[in-house]
Amino acid sequence: MRRFLDSHVADPVGRPTRSMRRVAGVVAAGAMVACTTAVLAGSSVTASPSTSLPREALSAQEGIGDPYFPQAGNPGYRVRHYDIDVSYTPATRVLAGTTTVVLRAAARLPSFNLDLLLRASRVTVNGTRADFSQGRHELTVRPSEPVGAGEVARVAVTYRGKPIGIGYGAETPFEKTATGAIAVGEPPIAAWWFPSNDHPSDKATFTTTLTVPRGYEAISNGALTGRRTTKGVTVWTWSVRSQLATYLAFAAFGQYDVQRGRTASGIPYLYAFEHGLGDVSAAARRSVRSTPSILRWLEQVWGGYPYENVGGVVPNVRLGYALENQTRPVYGRDMFRYGPYRSLVVHELAHQWFGDRVAVRRWRHIWLNEGYATYSEWLWSRHNGGRTPQQQLRVRYDNLEASNPFWKLEIGDPGRERLFDSAVYDRGAMTLQALRNRLGTRAFFRVSRQWVRGNADGLGSTRELKLLAERVSGEQLDGLFKAWLFSGSKPAPTRANGL
Ligand SMILES: [Zn+2]
């Protein structure tokens, strides 16, 4: 994710120079302070589930165990596949349909939960009607027979609702756009449009079938495997064969200009620009159409692109951010208000390696995503004649005094409210440059590529990156990781800290 912050115009590449000059080519300490106040308002609603289980047993079942989002995800099973089949009608704003969740029970399950904010009307497990009850966020399913440990079950949930305007905590991520609506957000979004085990540590494959009125488009992740128009509606089917985290799944419903083609290396791309982008249309198109060349450059830096499709979607709505939706990032129209923004495309595409292919095991590891995406922007800047990453590190280190709030946040565990604090981004990238200084360039890139390519379960944590870096380099890195990620203070200028 990249939020729109004016201080980021210090980046000399891919941005208009008009506002850049105000920053005078150096990151102003004051701007950094302003940045650190940007927070993600977290979800804090306590559910009131309507089940008769004792409170303790219930809360133990409600989440997968991520302290930042206690209700996110569910223990007891892993999802193999989501088959989403929903319609969306812009005129009524109603989303309705059935999602089939193919799950494998890790333990005997007399009941289990899915995360869903829309109202369910029917649930079946392996084709047999199941009892269910629903709280604010938790759908509790009680199959007629418990699902046995190790068994695979097909859980079909039929539901409907008006997701626009539904709030959960401070979040209302399902947004109206000029001609339709879009389901996009991080971390929460899935519960607004399909029942899921909503946590990045449980990835799955997806088939997404979206029905819209004739004349409308419905865009999602992966490959477009079907499109047919019957009886006044068009049915779009999308297929994701690689493992996808629930928050990286998106759906855009509306009237879009869709462009398809192949990159020079043969990867199919699909761009979608919602109608009416007006004065940002040219900048949005110019930016998103640079996807193939940026992708080729990123492959040279981080290794082969991990997916079979690519592209970008620009809904006609001021989202205030862009998000790295797998295979097809979504860019809010306002991201292009100052002109083409190619380093944003670099950021979101870099996440395909760092964030998507290797997702966070817990949300506190978010710096792994944002640090690498920001570091990719720095490398891109250098590639285009700007400062080196080492200069980016130095300018921040030298200009931000130890008393600056920038150093206070422990970005290795920033807290839910500050997941997307600018320190997570900039200090995350500084941490990587410090690691590169410590290990040497060759070892640093070997570690980073192995992190992606050799990562069997597609998940990562700070500790796992440290262990990999230690294994590859033979260095002991506890001190460096602690100084940059967990000290809450400015790292001492030592060789051990990569300074
Ligand atoms: Zn990001």
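Just follow the structure's listing: the first ligand is 1, and inside any ligand the first atom is 1.
- With a 4.5 Å cut-off on side-chain heavy atoms, Thr179 and Asn316 do not count as touching.
- Here salt bridge (Lys or Arg N to Asp or Glu O under 4.0 Å) pairs that include residues 236-255, with residues two or more places apart or in two chains, are Arg241-Glu308.
- When the Zn ion (ligand 1) is compared with the N/O/S atoms of Glu370, atom OE1 turns out nearest.
- Judged by distance alone, the side chains of Arg436 and Tyr375 do bring a donor and an acceptor atom under 3.5 Å apart.
- For Met1 atom O and His351 atom NE2, the angle they make at the Zn ion (ligand 1) is roughly 160°, to 10 degrees.
- Metal site remark for the Zn ion (ligand 1): Tyr425 contributes no N, O or S atom at a distance under 2.8 Å.
- With sequence neighbours left out, Asp457 forms a salt bridge (Lys or Arg N to Asp or Glu O under 4.0 Å) with Arg361.
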